[in-house]
Amino acid sequence: MNAESLLSHLAEWSEAVNSLEKQAVEELHGQKNEAAYRDLMRRRAELLRSLPGKAAALPAALREEDAFSRVLEALEGFAQGASNALRINSIFYMSALLYPDEHKPGEPNNLERLLLSLAGH
């Protein structure tokens, strides 16, 4: 098993999550389009909720990697938060997903932190 493969999947998922967030912020602040912001944040939460399933569908060799259980546990935590945000339909909660209370702008979110820790940074 090539650890880079697991990292590349995580990086792809992280980029997709971040892209939706970036688009949402642009809609809200740049375009003043709150409906589009809400839709994109909902899509971001739905993506986070889907990540454990995406991980479980990876090839067996990747699922046998030592880091996989750590990755799956983290993704399940992200998915649980996303499910809660979607269940209560809280856009604020959706926007706070992946960010610790002490987060400062420019710092990595929790998915990026996971990726960095697995990459050895």
Side-chain angles (χ1 to χ4, degrees):
M1 187 346 253
N2 180 350
E4 292 301 318
S5 297
L6 183 57
L7 290 176
S8 70
H9 285 284
L10 270 178
E12 178 184 319
W13 299 334
S14 179
E15 287 175 28
V17 168
N18 290 343
S19 176
L20 286 169
E21 181 175 0
K22 183 178 178 180
Q23 291 173 51
V25 169
E26 171 57 28
E27 287 293 338
L28 183 65
H29 297 295
Q31 304 302 318
K32 308 293 188 214
N33 187 340
E34 189 173 328
Y37 172 78
R38 289 176 163 280
D39 178 61
L40 287 160
M41 292 310 286
R42 197 169 282 109
R43 288 176 41 202
R44 178 177 172 265
E46 289 167 352
L47 175 57
L48 286 169
R49 183 174 61 182
S50 75
L51 291 182
K54 290 180 183 293
L58 290 174
L62 292 177
R63 294 191 317 268
E64 293 169 3
E65 176 62 30
D66 289 340
F68 182 78
S69 61
R70 180 176 163 211
V71 167
L72 186 58
E73 182 179 333
L75 295 178
E76 287 172 346
F78 302 153
Q80 182 178 1
S83 290
N84 289 339
L86 289 163
R87 180 179 47 78
I88 64 174
N89 197 29
S90 171
I91 297 301
F92 174 77
Y93 192 0
M94 290 177 206
S95 70
L97 293 170
L98 299 180
Y99 292 103
D101 291 341
E102 69 280 357
H103 183 265
K104 294 181 178 100
E107 291 180 343
N109 65 38
N110 288 337
L111 181 54
E112 292 167 328
R113 288 178 188 205
L114 174 64
L115 184 58
L116 289 170
S117 71
L118 291 173
H121 296 286

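Owing to the predicted nature of the structure, the values given are computational and were not obtained by experimental measurement.
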Would you say the side chain of [Y] lies within less than 4.5 Å of the side chain of [X], judging by non-hydrogen atoms?
{"X": "Leu75", "Y": "Trp13", "answer": "yes"}
{"X": "Leu40", "Y": "Leu28", "answer": "no"}
{"X": "Ile91", "Y": "Tyr37", "answer": "yes"}
{"X": "Glu112", "Y": "Glu107", "answer": "no"}
{"X": "Asn18", "Y": "Asn109", "answer": "yes"}
{"X": "Leu98", "Y": "Arg44", "answer": "yes"}
{"X": "Leu7", "Y": "Glu65", "answer": "no"}

Heavy-atom closest pair, residues [X] and [Y]:
{"X": "Leu10", "Y": "Leu115", "result": "CB-CD1, 3.7 Å"}
{"X": "Pro108", "Y": "His103", "result": "O-CD2, 3.7 Å"}
{"X": "Leu47", "Y": "Ala16", "result": "CD2-CB, 3.7 Å"}
{"X": "Arg63", "Y": "Ala57", "result": "NH1-C, 4.4 Å"}
{"X": "Ala45", "Y": "Ala82", "result": "O-CB, 3.2 Å"}

I need the [X] [atom1] to [Y] [atom2] distance, nearest 0.5 Å.
{"X": "Leu111", "Y": "Ser14", "atom1": "CG", "atom2": "OG", "result": "4.0 Å"}
{"X": "Asn84", "Y": "Tyr93", "atom1": "CG", "atom2": "OH", "result": "4.5 Å"}
{"X": "Arg49", "Y": "Leu51", "atom1": "CZ", "atom2": "CG", "result": "11.5 Å"}
{"X": "Met41", "Y": "Ser90", "atom1": "CE", "atom2": "OG", "result": "10.0 Å"}
{"X": "Glu12", "Y": "Lys54", "atom1": "CD", "atom2": "NZ", "result": "8.0 Å"}
{"X": "Leu97", "Y": "Leu86", "atom1": "CG", "atom2": "CG", "result": "8.0 Å"}

State whether Arg38 and Glu34 are salt-bridged, where the test is any N-O pair (Lys NZ or Arg NE/NH1/NH2 against Asp/Glu carboxylate O) under 4.0 Å.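 Between Glu34 and Arg38 there is a salt bridge, with a charged N closer than 4.0 Å to a carboxylate O.
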
Identify whether Ile88 and Phe78 are in the same connected component of the hydrophobic contact network (ILVMFWY, side-chain heavy atoms under 4.5 Å).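 Same cluster: Ile88 reaches Phe78 through Ile, Leu, Val, Met, Phe, Trp or Tyr contacts under 4.5 Å.
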
Under the criterion side chain to side chain donor-acceptor pair (under 3.5 Å), I'd like the reasoning laid out for Glu15 against Ser19: C-alpha separation, chi angles, the key distance, then a yes or no. CA-CA 6 Å; Glu15 287 175 28; Ser19 176; over 6 Å; no

Does atom CD of Glu73 have more than 12 heavy-atom neighbours, drawn from other residues, nucleotides or ligands, at distances under 6.0 Å? no

More than 12 heavy atoms of other groups within 6.0 Å of Gln80 CD: no

Criterion side-chain contact (heavy atoms from CB on, under 4.5 Å) on Arg70 and Leu118, from CA distance to verdict: CA-CA 10 Å; Arg70 180 176 163 211; Leu118 291 173; 3.5 Å; yes

